[in-house]
> 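Have a look at the structure that comes next, please.
These values consider heavy atoms only, across backbone and side chains, with no hydrogens, waters or symmetry-generated copies. We count ligands from 1, going down the list as the structure has it; atoms in each ligand are counted the same way. The first residue in the sequence is number 1, and the count goes up from there.
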Amino acid sequence: MVLYLDSAIVTEARVASKFGWISGVTTNPTLLVKSDLSPEATLKELSEIVSGELYYQLTATNFDDMMAEAKAASKLIGHQIVLKIPATATGFQALSHLSGEINCSVTGIYHPAQAVVAVEAGAKYALAYVNRATRLLGDGLKLVREMAEVVQGSGTEILAASIKSPDEAVATLLAGANHLTLPFSVLQAMTTQELSEQTFKEFNEKGRGIMY
Ligand SMILES: O=C[C@H](O)COP(=O)(O)O
């Protein structure tokens with residue numbers, strides 16, 4: 001399992017990369033627009049900050065433009081790129097042409113059948129939007145469970161996104177997701193528990209180590 005930061009804010013990526021346990025950054029058009037820099041400058045900066053994978057979501061909607069955008073993004077980001085390709089008929093066609101040369105994921109999956117096509121077209125990752133699917137379909141965890149079952153044994157792994165809390169992150173992994181991408185606030189929240197803070201305060205008040 002790996003954890004990614006789901007953000008295009010350069011300062012967040014800088015802090016998260018220093019955590020030491022974040023394997024890359026996922027972006028999408030609405031995250032990129034929140035950056036102070038242009039999408040190109042943001043992606044360039046992120047590629048320098050992050051040592052692992054950097055996800056870029058295609059915005060083109062026809063096949064030829066998707067291919068051109070994929071090549072431009074690949075040139076800009078380099079070997080760290082993972083393309084996020086929309087789960088549409090044209091997207092799957094683009095995926096089958098691109099997956100031999102660039103690491104690709106399929107994004108915006110709302111039905112396990114789309115995950116089956118993602119496998120056949122060569123996706124490295126299939127993305128489930130957990131919270132969004134719960135809001136739109138009633139049960140995002142069921143979607144994750146079914147996707148995990150249909151891709152089992154293939155070369156495609158489930159990357160879960162749209163996760164709003166540590167509880168939802170854990171439930172998503174228990175439902176069968178292989179990897180998670182999380183907003184900065186959720187990553188931070190996952191490190192902090194009031195009881196842990198209290199426990200170590202108590203130890204340190206009652207005893208001492210070699211330094212203090
Ligand atoms: O790129 C996908 C995002 O993680 C979706 O998250 P959201 O549903 O909060 O926009």
Side-chain angles (χ1 to χ4, degrees), residues 1-13 15-17 19 22-35 39 42-43 46-47 50 52-61 66 69-70 73 77 80-88 91-92 94-95 98 102-112 114-115 118 123-145 147-148 151 156-173 175-190:
M1 182 202 66
V2 302
L3 299 175
Y4 299 95
L5 168 68
D6 195 23
S7 169
I9 307 288
V10 167
T11 48
E12 290 186 349
V15 176
S17 74
F19 289 168
I22 296 299
S23 295
V25 170
T26 58
T27 71
N28 66 34
T30 58
L31 292 174
L32 279 169
V33 90
K34 290 181 187 156
S35 168
T42 302
L43 292 164
L46 291 175
S47 72
V50 175
E53 292 174 320
L54 176 54
Y55 287 65
Y56 174 75
Q57 183 168 323
L58 296 183
T59 54
T61 52
M66 278 183 173
E69 189 180 7
I77 294 171
Q80 292 165 277
I81 194 169
V82 180
L83 286 175
K84 286 172 80 182
I85 302 180
T88 62
F92 285 119
L95 169 65
L98 292 164
I102 305 176
N103 284 331
C104 294
S105 64
V106 175
T107 196
I109 290 178
Y110 287 100
H111 194 289
Q114 292 172 302
K124 188 173 179 193
Y125 304 104
L127 271 91
Y129 290 166
V130 179
N131 197 278
R132 231 175 237 255
T134 295
R135 281 179 274 137
L136 297 171
L137 299 171
D139 191 351
L141 295 176
K142 177 170 176 267
L143 175 65
V144 172
R145 247 186 325 272
M147 284 172 63
V151 307
T156 305
E157 296 181 326
I158 305 299
L159 167 57
S162 186
I163 293 168
K164 308 298 176 193
S165 68
D167 284 346
E168 198 168 43
V170 171
T172 300
L173 288 172
N178 299 105
H179 314 292
L180 304 178
T181 183
L182 303 167
F184 187 76
S185 59
V186 177
L187 289 173
Q188 272 187 318
M190 283 175 69

> Shortest non-hydrogen contact from Thr59 to Pro29?
CG2-CG, 3.5 Å

> Which ligand 1 atoms does Ala161 reach within 4.0 Å, using its non-hydrogen atoms?
4 (O)

> Nearest protein heavy-atom contact for atom 10 (O) of ligand 1: which residue, which atom, what distance?
Arg132 NH2, 2.7 Å

> Any nitrogen or oxygen of Asn28, side chain or backbone, less than 3.5 Å from one on ligand 1?
yes

> Any side-chain heavy atom of Val25 sitting closer than 4.5 Å to one from Gln80?
no

> Please check if any side-chain donor atom of Ser165 sits under 3.5 Å from a side-chain acceptor atom of Asp167, or the reverse.
no

> Nearest to atom 2 (C) of ligand 1, what protein heavy atom do you find, and at what distance?
Tyr129 CE2, 3.3 Å

> If you have a sec, work out which protein heavy atom is nearest atom 3 (C) of ligand 1 and how many Å separate them, to one decimal?
Asp6 OD2, 3.5 Å

> Could you pull out the closest heavy-atom pair between Gly140 and Ala133, with the gap in Å?
CA-CB, 3.7 Å

> State, without any angle test, whether Thr107 and Tyr129 hold a side-chain donor-acceptor pair at a distance under 3.5 Å.
yes

> Quick one: closest heavy-atom pair of Phe92 and Gln114, and the distance?
CZ-O, 3.5 Å

> Only heavy atoms of Ser162, strictly under 4.0 Å: list the atoms of ligand 1 that pass.
4 (O), 5 (C), 6 (O), 7 (P), 8 (O), 9 (O)

> Below the 3.5 angstrom mark, is there an N/O of Lys164, backbone or side chain, next to an N/O of ligand 1?
yes

